[in-house]
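A quick write-up on the structure given underneath.
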Amino acid sequence: MQEILIYIVFVLLGVGAGIILRKTRGNKGPIPWISAIKSVSICVLLFVMSTRIGSNDEVAKNLGTIGVYGLVFTIIVIISTIGVAFLTRRMLGFNSRGTLVKDNLAKENFAKEDLASNGRAHEESASVSEKLGDADAKVIEREPSDSKSPIDKTTIQILVFVALGILVGYFLVDKIFSDYDKFVELASLAIKIGLSTLLFFVGFDLGYEESGMGDFKKAGFRIVFFPIATIIGTLAGGVIAFFLMPISMKESLAIASGFGWYSLAPVIIMDAGYITASAISFIHNVLRELLAILFVPLVAKYVGYIEASCVPGAPGMDICLPVVERSTNGTIAIYSFITGSVTSLLVPVLVSLFIS
């Protein structure tokens, strides 16, 4: 809880600094060195976290059949979460880029997205501009085309740093550190520094870019629906997974309620005496975090920004936040942080409730 509050403070400090600089300097476009700092923070976070995962003996021990169950469980939960988030986004009136559209213009914006996905955006831009007005037309003009390959530069960078971190963790950590606890301590410190830096500048971008602040303010109370959609989608996935695995409904819901927090949920389940469910929980929550790192860019590109922010669950507030930031924008990164914070707070409550 204390760490969540500290991270929120860094976001708010960043927002304040961005607003102050915008008013004193004027919004003269992006500041290059801020982007560089965010990139370094992202690289540190991905590498260090992957190193910790690779060095964890439990990952290697819980493979085989339990690993297959964990993988299937994770895929079901991610698909279910995306589906519920998609329906929620459309009902709330957001387009695929996470921009809130006016009620009387929702149909035109959604039609525009469909045209863009088919490579016909430029042919219709003039007519859409007339219908929506200059402000809404600018939002659409900023939407990138879908001409790139699914494996874009961001995805490649993610794969490289994740793979490198896991390899270093698996092969070198025990050789470099005689005291594993010391490594964990240093890695945790690096993650906190990198994440605090990233969150500050994510907040800075939100405050500095008037359009980003406008989107955030327009969303208003609707923001609470994103963590709700994540929770409903995740638990729905747990219900579906129950029919495919040799576990009870309460075990399946408890596993799903980990929301990617693999260091807490399995412990609560094991303490209740459910060893198999605890092992599946560990694998599932590790995989939710890892697969989210890989899937977020693709979900953002082909489904929607808000859906991408819901995929990680609890890791959306820390480990997966850099990926969400790189794949979407600063506003959606804030949504991800909020969703991750809410689901993290609910992990001990829901897991204990379902497994009791």
Between Lys175 and Phe171 (side chain of the first, backbone of the second, donor and acceptor by atom type, cut-off under 3.5 Å), is there such a pair? yes
Taking a hydrophobic cluster as the set of Ile, Leu, Val, Met, Phe, Trp and Tyr residues connected by side-chain heavy atoms closer than 4.5 Å, whether directly or through intermediates, do Met249 and Ile232 fall within one such cluster? no
Thr74 side chain to Leu287 main-chain N or O, any donor-acceptor pair under 3.5 Å? no
Going by distance alone, is a donor N or O of one side chain under 3.5 Å from an acceptor N or O of the other, for Glu251 and Ser248? yes
Donor-acceptor pair, Thr51 side chain versus Ile166 backbone, under 3.5 Å? no
Looking at Pro227 and Ile223, what are the two nearest heavy atoms and their distance? CD-O, 3.1 Å
Exam field: side chain Ser336 to backbone Gly316, donor-acceptor pair closer than 3.5 Å: yes
In one Ile/Leu/Val/Met/Phe/Trp/Tyr side-chain cluster, 4.5 Å: Ile193, Leu321: no
Transitive ILVMFWY cluster of Met91 at side-chain heavy atoms under 4.5 Å: who else is in it? none
Answer yes or no: is there a donor N or O on one side and an acceptor on the other, between the side chain of Thr24 and the main chain of Leu21, under 3.5 Å? yes
Intermediate values then yes/no, side chain to side chain contact (heavy atoms under 4.5 Å, CB included), Tyr274 and Ile355: CA-CA 9 Å; Tyr274 297 88; Ile355 205 63; 3.6 Å; yes
Gap separating the CG atom of Leu235 from the CD1 atom of Ile240, nearest 0.5 angstrom: 11.5 Å
Residues which pass side chain to side chain donor-acceptor pair (under 3.5 Å) with Thr339, listed by chain and number, not counting sequence neighbours: none
Ile19 vs Lys23, side chain to side chain contact (heavy atoms under 4.5 Å, CB included): CA-CA, chis, key distance, verdict: CA-CA 6 Å; Ile19 292 174; Lys23 290 183 176 180; 3.8 Å; yes
Same cluster or not: Ile78 versus Ile228, using hydrophobic residues (I, L, V, M, F, W, Y) connected whenever any side-chain heavy atoms lie under 4.5 Å apart? no
Nearest heavy atoms of Val323 and Pro297, plus distance in Å: CG1-CD, 3.9 Å
Backbone of Tyr208 reached by a side-chain donor or acceptor of Arg22 within 3.5 Å: yes
Looking at CG of Leu298 and OH of Tyr302, how far apart are the two atoms once the value is rounded to the nearest 0.5 Å? 7.5 Å
How close do Cys320 and Ala292 get, heavy atom to heavy atom, and via which atoms? SG-CB, 3.9 Å
Could you tell me if the side chain of Tyr170 sits less than 4.5 Å from the side chain of Ser55, heavy atoms only? no
Scanning both residues in full, the closest heavy-atom pair of Gly260 with Pro315 reads O-CG, 3.8 Å
Atom pair CG (Leu291) and NE2 (His284), whose distance is rounded to the nearest 0.5 Å: 10.0 Å
Report whether Ile79 and Tyr305 are members of the same hydrophobic cluster (ILVMFWY, side-chain heavy atoms less than 4.5 Å apart, transitive linking). yes
From Phe337 atom CZ to Ile332 atom CD1, the distance as rounded to the nearest 0.5 Å: 15.5 Å
Give me the atom names and distance for the closest heavy-atom approach of Asn285 to Ala265. ND2-CB, 4.0 Å
SG of Cys310 to CZ of Phe225, rounded to nearest 0.5 Å, is 13.0 Å
Would you call Phe242 and Leu253 a side-chain contact if the rule is heavy atoms closer than 4.5 Å? no
I'd like to know if the side chain of Ser327 reaches the main chain of Val324, judged simply by a donor and an acceptor atom lying under 3.5 Å from each other, with no hydrogens or angles considered. no
State yes or no: do Leu346 and Val84 share one hydrophobic cluster built from I, L, V, M, F, W and Y residues joined by side-chain heavy-atom distances below 4.5 Å, directly or via other members? no
Modelled atom types, side-chain donor and acceptor of Thr234 and Arg288, under 3.5 Å: yes
Once you measure the plane-to-plane angle for Phe183 and Tyr180, does it fall in the parallel (<30°), tilted (30-60°) or perpendicular (>60°) bin? tilted
With sequence neighbours excluded, what pairs up with Thr276 under the side chain to side chain donor-acceptor pair (under 3.5 Å) test? none
Could you grab the distance from atom CZ of Phe73 to atom CD1 of Ile247, nearest 0.5 Å is fine? 5.5 Å
Check the pair Leu71 / Ile75 against side chain to side chain contact (heavy atoms under 4.5 Å, CB included), numbers first and verdict last. CA-CA 6 Å; Leu71 176 61; Ile75 292 173; 4.0 Å; yes
Can you list the steps and then say if Phe200 with Leu13 is a side chain to side chain contact (heavy atoms under 4.5 Å, CB included)? CA-CA 7 Å; Phe200 176 85; Leu13 287 174; 4.0 Å; yes
Do Tyr335 and Phe226 have ring centroids that are under 6.0 Å from one another? yes
Closest heavy-atom contact between Ala300 and Thr328? CB-CG2, 3.9 Å
Side chain proximity check, Thr343 to Ile231, heavy atoms < 4.5 angstrom: yes
